[in-house]
Amino acid sequence: MFSSLQSLLWTVSIYVKTIWSTFFAKIVWPVVTDAKPVGTEQRNEPNFSSPEDVLAQIKAIRDDHETARLLQHLIETDGAGNWPPQASHGDAWPTALRPYHNIYLELAPSFPAKEVSLDNEINSKRCLEYRTHMRKLLHDRIDLSAVKAILLAVEAGDESAFPADAYNGFFACIALSRHAFRWGTIPIVKFAQKEKFIDLPLELELPWPFLHRRFGITSQGGNLTSNIICNFDKEEQIVYEINCGMPEIIKSAEYHFAHMFPAMEKLALPIYYNMIQSIICFGRGQRDACLDFLKTISAHIRYPLKVYYDSLVESKIPRSVWMSYVQGFQAWGAGEIIDGVYVEFDAVSGNQLPFFHIVDAFLGLDPYLNEENRFRYIPLSQRELSASLRKHSFRDKAKLAGDFEIETEMEKILKQIRVFRVTHRKRARPYLSVPAPERMIMTAGKSALESITIPNIKAAIEFLDIGLVKRLKETV
Ligand code: HEM
C-alpha cells in the first residue's frame with residue numbers, strides 16, 4: 001500500500017516537473033528575459049577544443065558582451081596573447097635590463113641555507129651578506145637612466161623593444177629580486193622578520209612604480225601573478241628558483257607548489273569562455289543554449305580543481321619542507337609610512353588565484369578579498385573581469401524565475417567549489433602545523449602573526465581557520 005502510494009506520487013511529480021519545464025521554457029522564460037520565441041534562437045554549441053581554438057573562440061565573441069571584451073583584454077595585455085600569461089626572461093629583454101636576470105641567477109646558489117641555524121647572529125650575517133652582494137652587483141651593473149628610458153618608452157605606448165611577454169618576465173624578475181633582498185636567505189629568519197622597513201636598492205625601487213602602474217597593483221611585495229605565474233618559462237619550468245642547488249625533495253616541492261597555479265589557469269580558460277557564453281545566452285533569452293554552457297562548466301570544473309587535489313599531497317609537497325623552504329619567501333611582512341600611518345603589506349597567497357575570483361563572481365558570491373587587498377595584490381585587468389562577471393551573474397535571476405534546471409547546474413558548480421573549500425581547510429592545517437623554530441609564526445598571505453594574542457602555532461591556525469570557515473559558509 002505504502003509503496004504503491006509512493007510510486008504514484010513519484011509519477012505525478014515527474015509529470016508536474018515535465019509540464020512545468022515545458023511551460024517555463026515556452027511561456028515564462030521569454031517573458032522574464034524579454035527573449036525571442038523559443039526555436040528562433042541561434043544555438044551556440046559549447047565546445048572544449050584545443051587552447052588555440054579556445055583563444056580564437058574568445059576573440060570571436062569579444063564584441064558581443066562586456067565580459068567577453070574584458071577577458072579578451074586580459075589575454076591580450078596581461079596574458080601577452082594567451083592565458084595563463086606568457087612570460088619570457090633574460091635574452092628576450094632590452095639589453096639594459098638583462099643584468100637583473102643575470103644577477104638573480106648568479107646569486108641564486110648562495111641564497112638557500114643548507115643547514116638551518118637557530119643562532120640569530122649566524123642568520124643575520126647570512127642575510128646581510130646576501131643583501132650586500134646583491135646591492136653591489138645591482139649598483140655596478142645596472143644603468144638606471146637606461147632602465148628608466150625603456151620603462152618610460154613602454155609607458156608612452158612604444159612596446160616595440162619590450163613586448164608584453166618580456167614585460168611579464170621582467171615583472172617576475174623584479175618582484176622576486178625584491179623578495180630575495182627582503183629575506184636575504186631561505187629559510188627566512190627572525191632577524192629579517194623583525195625588520196619592518198626595508199631599505200631596498202634603488203635599482204629595485206625604480207622599476208616598481210612602473211610595474212605598479214602597468215598591472216594596477218599597489219603592494220611593496222609581489223603577488224601570485226608576479227612571483228608565481230610569470231615565473232614560468234614556455235617549457236613550464238621555474239626561471240627564478242628559491243632553492244637553487246638544494247636537495248631534490250625541496251626543489252620538487254617548490255616546483256609542484258608553484259606549478260599548480262598556472263596549471264589550474266590553463267584548464268580554466270575554456271571554462272571562462274563557457275561562462276561568458278552562458279551569460280550572453282541568458283541575456284539573449286537563449287535559455288537552452290545557456291543551459292548547455294552551464295552543463296559544460298559543471299562537467300569541466302573538476303579538472304582545474306583536480307590539479308589542486310593531486311598536487312597538494314605529501315608525495316609531491318612534503319610537509320617537512322613546505323613551511324620553511326617554499327612558503328616563507330613568498331611573504332613580505334614589511335611596510336612604509338603612508339599619510340603618517342604605518343602600512344604593512346603581505347604578498348603571495350592562493351587566495352589571489354584568478355580562477356576562484358572568477359568562479360565566485362560568476363556564481364554571484366561577494367569577493368573573498370576586501371577592496372584594499374584586491375587593489376594591493378590583484379592586477380587591474382583581473383579585477384575588472386571578476387567585477388563584470390559578478391555584475392552579470394544570473395544565478396539569482398534564474399532562481400527567482402524558478403528555472404530548476406539552470407539552478408541545478410549552478411548548484412553543481414557551487415558544490416564543487418564548496419568541496420574544494422572543505423578539502424582546502426583540511427589540507428592546509430597540517431602544513432601550517434609544522435614547527436619552523438628559525439622564524440616567527442607567519443603565513444605569506446597574512447604575513448606576521450606572532451603576537452600577544454597569537455602566541456603559538458595552534459592559535460595561529462585557529463585565527464586563519466576563521467577566514468576559511470567564513471568563506472565556506474558564504475559559498476551558498
Ligand atoms: C600548503 C599549502 C596551503 C596552505 C597551508 C594554505 C593556507 C591557506 C590559508 C591559511 C588561507 C586563509 C588565509 C588567506 O586568505 O591567506 C588560505 C586561503 C585560500 N587559499 Fe590556500 N593554502 C595553501 C595552498 C593553496 C593552493 C595551492 C590554492 C589554490 C590552488 C589555495 C587557494 C586558496 C584560496 C582560494 C583561498 C581563499 C579562501 C577560499 O577561497 O576558500 N591555497 N589558504
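Along the sequence shown, residues carry numbers from 1. Computation of the quantities below employed the complete heavy-atom set of this structure, encompassing side-chain atoms and omitting hydrogens, waters and symmetry-equivalent molecules. Both counts, for ligands and for their atoms, begin at 1 and track the order of listing.
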Open item on the list: Only heavy atoms of Met264, strictly under 4.0 Å: list the atoms of ligand 1 that pass.
Closed with: 30 (C)
- [ ] Flag the pair His392 / Phe282 as yes when their ring centroid distance falls below 6.0 Å, and as no otherwise.
- [x] no
Task: Winner among Pro304, Ala428, Ala253 once heavy atoms are compared against atom 4 (C) of ligand 1 - done: Ala428
Open item on the list: Distance alone, cut at 3.5 Å: any donor-acceptor contact between the side chains of His89 and Tyr240?
Closed with: no
TODO: Locate the shortest heavy-atom distance separating Phe261 from Gly350; write the atom from each residue and the value.
DONE: CE2-CA, 3.8 Å
Task: Ring centres under 6.0 angstrom apart (Trp183, Phe329) - done: no
TODO: Find all atoms of ligand 1 within a distance of less than 4.0 Å from any non-hydrogen atom belonging to Met260, and give their numbers and elements.
DONE: 27 (C)
Open item on the list: Here's one to test your reading of the geometry: is the NZ or CZ of Arg131 within 45 degrees of the ring axis of Phe181 and under 6.0 Å from its centre?
Closed with: yes
TODO: Ignoring hydrogens, just give me the one of Phe261, Trp322, Tyr431 whose non-hydrogen atom is nearest atom 3 (C) of ligand 1.
DONE: Trp322
Task: Pick from Val422, Leu353, Asn351: the one approaching atom 34 (C) of ligand 1 most closely through a non-hydrogen atom - done: Asn351
Task: Ligand-residue contact atoms, ligand 1 with Leu432, heavy atoms, under 4.0 Å - done: 5 (C), 10 (C)
- [ ] Determine the interplanar angle of the Trp93 and Phe170 rings, folded into 0 to 90°, and report it as parallel if under 30°, tilted if 30 to 60°, perpendicular if over 60°.
- [x] perpendicular
Task: Tyr308 N/O under 3.5 Å from ligand 1 N/O - done: no
TODO: May I ask you to check whether Ser324 and Glu438 show a side-chain donor-acceptor distance below 3.5 Å?
DONE: yes
Open item on the list: How close do Gly333 and Arg182 get, counting heavy atoms only, and between which atoms?
Closed with: O-NH2, 3.2 Å
Task: Contacting atoms of ligand 1, where contact means under 4.0 angstrom from a heavy atom of Arg421 - done: 39 (C), 40 (O), 41 (O)
- [ ] Under 4.0 Å, heavy atoms only, figure out whether ligand 1 is touched by the backbone of Arg427, its side chain, both or neither.
- [x] neither
- [ ] Classify the ring geometry between Phe215 and Phe171 as parallel (under 30°), tilted (30 to 60°) or perpendicular (over 60°).
- [x] parallel
- [ ] Would you check whether Arg471 has a nitrogen or oxygen atom less than 3.5 angstrom from a nitrogen or oxygen atom of ligand 1?
- [x] no
Open item on the list: Within ligand 1, which atoms have a heavy atom of Leu312 less than 4.0 Å away?
Closed with: 1 (C), 2 (C)
- [ ] Please find the N/O/S atom of His424 nearest to atom 21 (Fe) of ligand 1 and write down its name.
- [x] NE2
Task: Best match, Leu464, Leu468, Leu224: closest heavy atom to atom 11 (C) of ligand 1 - done: Leu468
